[in-house]
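See below for the structure under consideration.
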Amino acid sequence: MDEQGVIDYSRQGRVNRAFGLLLLLMVVAGTLVHHFTLVSPSLEVVYIAIPFALLLLSLAIGMASKRAIDYIPGEWEKKKTFVSFREYERMIEEYEDAYGDLVAHSGDIMTCCCLLPVLGALGYMTILFQGLGTVLIHPFVDTLLLTAILYSIVGVSGFILGFRIPAIDADEFFTTPMKGGDTYDFACQLGGVPGIKAGMTVELGVRSGVQTILGSEVKAGVEGLPDTVRIGVQVSHSGFAYPYLVGTVYKGSLIPSPTEERYRLGTRYPALLESSMDDDVAVIVARFDIPKRTSSVPSISSGDFRKLARLLCDKLRENYEGSL
């Protein structure tokens, strides 16, 4: 996609060139310090301490490079569309291919911690090789090559990680769309339930030939019924993923008082429907009645969840048709 008129990379180019110059200077400095300083430093300084400092600097410059990508303000044409879960996942793949570098990947912060022992191992292996006294080309050339390889690995790794962690200054237009997670995974199960129409409502932004995903949410309802009949997916976590469904019918049949009904659906746990009124909205919560004390960690299979959804679908249809 053509990003001209929306994204300005000119400042980023200057930051990237500064990083390349820094890496070159560090390689030269490390090599010269190892060979020509009057006070001979230990190898740990050249191959562990300096690379550690280089890693921190590279992380900072990588973040600065990302933040140097400028968003050009302008008006976006917004539109919403409903797509199936399979179509949505294809949209996400295309979006990440186009703009994955612009969004934040905060999970990469943990990768930085994992990189430290790798950095130490590389430095230690380089020290061991230097200690062997093996000459491949020339002592100075060998040191230059080893230093360049080690510093390049450390510097580029740190720069890439630093670049991925933050978002650009227009994070409201280039966000990380909903994908994965328990709520999304259980919502996908609704797509295979007869009588339920489920998918994703995606808000798109279009401008200067650029199309971005501004937001997305799960949308589910009953086939053949208006949008006033909705099904929501909720997942609570108390040692395990516990999904339940919330069905609503706007101006549905009146529910005089809160009720509870249990059903045997051939599932591991009995189904429980809790019905009530919230102003003009009939609310039916469908969940599994799991004993408070069990000998094993409870789990709800996809098949059982779909049976629960089918039960709720039928009850919502009954409520809606009863209001006609």
Side-chain donor/acceptor of [X] to backbone N/O of [Y], under 3.5 Å:
{"X": "D279", "Y": "V281", "result": "no"}
{"X": "S65", "Y": "I61", "result": "no"}
{"X": "N319", "Y": "S253", "result": "yes"}
{"X": "T212", "Y": "L214", "result": "no"}
{"X": "R164", "Y": "F159", "result": "no"}
{"X": "E87", "Y": "S84", "result": "yes"}

Item to complete: Specify whether Y242 and F240 have parallel, tilted or perpendicular ring planes, treating 30° as the upper limit for parallel and 60° as the lower limit for perpendicular.
Response: tilted
Side-chain touch [X]/[Y], heavy atoms, less than 4.5 angstrom:
{"X": "R287", "Y": "L245", "value": "no"}
{"X": "L312", "Y": "I284", "value": "yes"}
{"X": "V285", "Y": "V283", "value": "yes"}
{"X": "P166", "Y": "R67", "value": "yes"}
{"X": "L59", "Y": "L161", "value": "yes"}
{"X": "V229", "Y": "T248", "value": "no"}
{"X": "F52", "Y": "L57", "value": "no"}
{"X": "R11", "Y": "V15", "value": "no"}

Worksheet item: Which is it for L190 and F305 under the side chain to side chain contact (heavy atoms under 4.5 Å, CB included) test, yes or no, and what are the steps along the way?
Response: CA-CA 9 Å; L190 298 180; F305 183 71; 4.0 Å; yes
What is the minimum heavy-atom distance between [X] and [Y], and which atoms define it?
{"X": "G195", "Y": "C313", "answer": "O-SG, 3.4 Å"}
{"X": "Y88", "Y": "S216", "answer": "OH-OG, 2.9 Å"}
{"X": "Y151", "Y": "M26", "answer": "CE2-O, 3.1 Å"}
{"X": "E274", "Y": "L272", "answer": "OE2-CD2, 3.9 Å"}
{"X": "S58", "Y": "F19", "answer": "OG-CE1, 3.5 Å"}
{"X": "V206", "Y": "K79", "answer": "CG2-CE, 4.1 Å"}

Working to the nearest 0.5 angstrom, can you tell me the gap between [X] [atom1] and [Y] [atom2]?
{"X": "R310", "Y": "I196", "atom1": "CZ", "atom2": "CD1", "answer": "8.5 Å"}
{"X": "D70", "Y": "Y9", "atom1": "CG", "atom2": "OH", "answer": "11.0 Å"}
{"X": "K219", "Y": "K80", "atom1": "NZ", "atom2": "NZ", "answer": "9.0 Å"}
{"X": "L32", "Y": "L25", "atom1": "CG", "atom2": "CG", "answer": "10.5 Å"}
{"X": "L55", "Y": "I153", "atom1": "CG", "atom2": "CD1", "answer": "12.5 Å"}
{"X": "D227", "Y": "T201", "atom1": "CG", "atom2": "OG1", "answer": "8.5 Å"}

Path from [X] to [Y] over hydrophobic side-chain contacts below 4.5 Å:
{"X": "L311", "Y": "I255", "result": "no"}
{"X": "L204", "Y": "F82", "result": "no"}
{"X": "V83", "Y": "F85", "result": "yes"}
{"X": "V246", "Y": "L225", "result": "no"}
{"X": "L56", "Y": "L150", "result": "yes"}

Distance-only side-chain donor-acceptor flag, [X] / [Y], under 3.5 Å:
{"X": "Y263", "Y": "E261", "result": "yes"}
{"X": "R306", "Y": "S301", "result": "no"}
{"X": "K315", "Y": "Y320", "result": "no"}

Worksheet item: Stepwise, does the side chain to side chain contact (heavy atoms under 4.5 Å, CB included) test hold for V202 with I213?
Response: CA-CA 7 Å; V202 183; I213 297 177; 3.9 Å; yes
Worksheet entry | Verdict with reasoning, E89 to Y184, per side chain to side chain donor-acceptor pair (under 3.5 Å) | CA-CA 11 Å; E89 290 174 1; Y184 178 82; 3.2 Å; yes
Worksheet item: Please walk me through it: do R207 and I72 pass side chain to side chain contact (heavy atoms under 4.5 Å, CB included)?
Response: CA-CA 11 Å; R207 176 186 159 205; I72 303 174; 4.0 Å; yes
Discussion item. Before you tell me yes or no, could you show the steps for E217 and M200 under side chain to side chain contact (heavy atoms under 4.5 Å, CB included), namely the whole-Å CA-CA distance, both residues' side-chain angles and the distance that decides it to 0.1 Å?
Written reply: CA-CA 6 Å; E217 62 178 353; M200 298 292 295; 5.5 Å; no
Practice prompt. For salt bridge (charged side-chain N to carboxylate O under 4.0 Å, His left out), just list the numbers for R268 and D304, CA-CA rounded to whole Å, side-chain angles, deciding distance to a tenth of an Å, and then say yes or no.
Written response: CA-CA 7 Å; R268 182 177 181 182; D304 287 356; over 6 Å; no
